[in-house]
Amino acid sequence: MPLNTQNARIVDPVLTNHVRGYKNPDVQRIGSVLFPRAPIAKRGAKIVRFGKEAFRRHPTERAPGDRIRRVRVGYTGDSVNLFQHALAGEVPRELLQEAEGVPSVNLQMRAMALPAEVIEREKEIKAATIASNPTSYAASNHSALTGVSRWNGSSAAISADADAAQDMIRSKTGRRANVLAVGPAVARRLRRSEAIISNFFTGNTRPDRVTDAQIAEFFGVARFVEGTDTVVEGKDADGGDFKDIWGNVAILAYVPTVTGDGDIEVPSYGYEYYLQGHPMVEPGRWDADTKTWVYDVIDEYQHVLTAMDAGFLFSNVMDLKTP
């Protein structure tokens, strides 16, 4: 019961656009904030690393007839190899209203939801793994907090820690971090942080928490983002408890407000390089053994830190035993 050519032409673009626009409204995924998507034309390609050429002084005076001096911003660095991630959605024939019919577009879209969700969650996990790993950063751009110096400890110095991190990023990139990314455990404690509340309110009538906008202002960034997604890692039937993808870390990073080829000279923290035309959904195929329509969802991407100096990692940020 294969789809004919006419059906394939109609259905595939619809499903592909559906998958590309897929968002789970119940979770906040922040990997794309730290790693904006950037298309490349082939699976193996050179990527642009960022230098300081745009910030150096260059002789610009020119005598009549002299050659115009040239500058080149950024430079070609390591190769990036994209990895394919694929999962299939199924529509059993029993779900169809007519036994001989082709699944409606709505039913096909519903079949895409689970594989799209799994692929997007895997993307978030990979982004968090890179961003939360101290070895992704130079030693000067990582601070492991301990004891009472953690941000909910009695000797916490959140403002001083943030200022020092901002100064480090600026000294190496010429830019201040404009994003603070955290997980739920850190976000909840920051909202109730006495140090941050005291920065905005005095006297006896004070709220018991601050807003996300006030946290962003306190850290001197344009965006404060909380990654709320979770994953079940257990292999048994139950799977175990849900675990936060973004753990006890805080990442300050500079990410261009507008990304793309026009910002090649800007030392962005990172990018998610993806193969042009992806994610995509291949034409549905009929599996006669299971009497099921099968739709393959495919994405090809790789997360890369293109300017590790544009980020600063705080790890072990909170004492999680303290609410």
Side-chain angles (χ1 to χ4, degrees), residues 1-32 35 37 39-44 81-129 227-245 272-303:
M1 197 183 292
L3 286 175
N4 59 40
T5 304
Q6 182 179 2
N7 282 335
R9 283 199 301 265
I10 294 173
V11 173
D12 288 353
V14 172
L15 293 182
T16 295
N17 287 335
H18 174 69
V19 168
R20 289 179 185 173
Y22 175 83
K23 300 290 181 186
N24 185 335
D26 297 323
V27 297
Q28 298 178 52
R29 294 188 171 123
I30 61 175
S32 59
F35 299 88
R37 284 169 59 82
I40 59 177
K42 53 185 180 180
R43 291 176 175 84
N81 294 308
L82 304 184
F83 294 95
Q84 186 176 107
H85 300 260
L87 206 61
E90 296 182 332
V91 181
R93 188 174 64 180
E94 289 76 11
L95 295 183
L96 304 180
Q97 292 181 350
E98 297 179 7
E100 299 301 321
V102 175
S104 66
V105 171
N106 181 59
L107 193 56
Q108 294 172 52
M109 288 182 177
R110 288 166 55 191
M112 296 301 99
L114 181 56
E117 173 74 5
V118 172
I119 289 174
E120 286 299 307
R121 179 178 291 110
E122 184 65 21
K123 197 176 291 186
E124 185 81 348
I125 291 171
K126 290 186 179 299
T129 299
T228 64
D229 206 357
T230 56
V231 65
V232 176
E233 294 184 330
K235 302 300 183 181
D236 56 17
D238 175 72
D241 294 336
F242 287 86
K243 177 183 177 182
D244 288 331
I245 291 175
E272 178 200 320
Y273 291 100
Y274 72 95
L275 189 63
Q276 287 180 348
H278 287 71
M280 61 168 289
V281 180
E282 291 190 341
R285 66 182 189 274
W286 175 250
D287 185 343
D289 290 338
T290 60
K291 302 295 185 272
T292 298
W293 286 99
V294 180
Y295 300 88
D296 295 332
V297 181
I298 301 173
D299 202 355
E300 299 196 33
Y301 64 87
Q302 176 72 301
H303 294 90

Hey, could you give me the CZ/CG distance between R29 and D229, rounded to the nearest 0.5 Å?
4.0 Å
All ring-ring contact (aromatic ring centres under 6.0 Å, His included) counterparts of H303, not counting sequence neighbours
F35, Y301
What's the shortest heavy-atom distance between V294 and A88, and which atoms?
CG1-CB, 3.7 Å
Who passes salt bridge (charged side-chain N to carboxylate O under 4.0 Å, His left out) against K243, sequence neighbours left out?
E233
Tell me, with the steps shown, if R37 and Y273 meet side chain to side chain contact (heavy atoms under 4.5 Å, CB included).
CA-CA 6 Å; R37 284 169 59 82; Y273 291 100; over 6 Å; no
Check Y295 against V91 and note the closest heavy-atom contact, atom names and distance.
CE1-CG2, 4.0 Å
Heavy-atom side-chain contact between L275 and Q84 under 4.5 Å:
no
Kindly give the heavy-atom pair with the smallest separation between A127 and G31, and that separation in Å.
CB-CA, 3.8 Å
Rounded at 0.5 Å granularity, tell me how far CD in Q302 sits from OH in Y274.
15.5 Å
Taking every non-hydrogen atom, the tightest pair across I125 and V231
CD1-CG2, 4.0 Å
Atom pair CD1 (I298) and CE (M280), whose distance is rounded to the nearest 0.5 Å:
5.5 Å
For E124, give me all partners under salt bridge (charged side-chain N to carboxylate O under 4.0 Å, His left out), at least two apart in sequence or on another chain.
none
Going by salt bridge (charged side-chain N to carboxylate O under 4.0 Å, His left out), name the residues that satisfy it together with D296, two or more places apart in sequence or in a different chain.
R285
Please identify each residue that fulfils salt bridge (charged side-chain N to carboxylate O under 4.0 Å, His left out) with K126, with sequence neighbours left out.
E122
Under 4.0 Å between a side-chain nitrogen and a carboxylate oxygen: does that hold for E272 and K123?
yes
Side chain to side chain contact (heavy atoms under 4.5 Å, CB included) filter on T290, not counting sequence neighbours, yields D287, T292
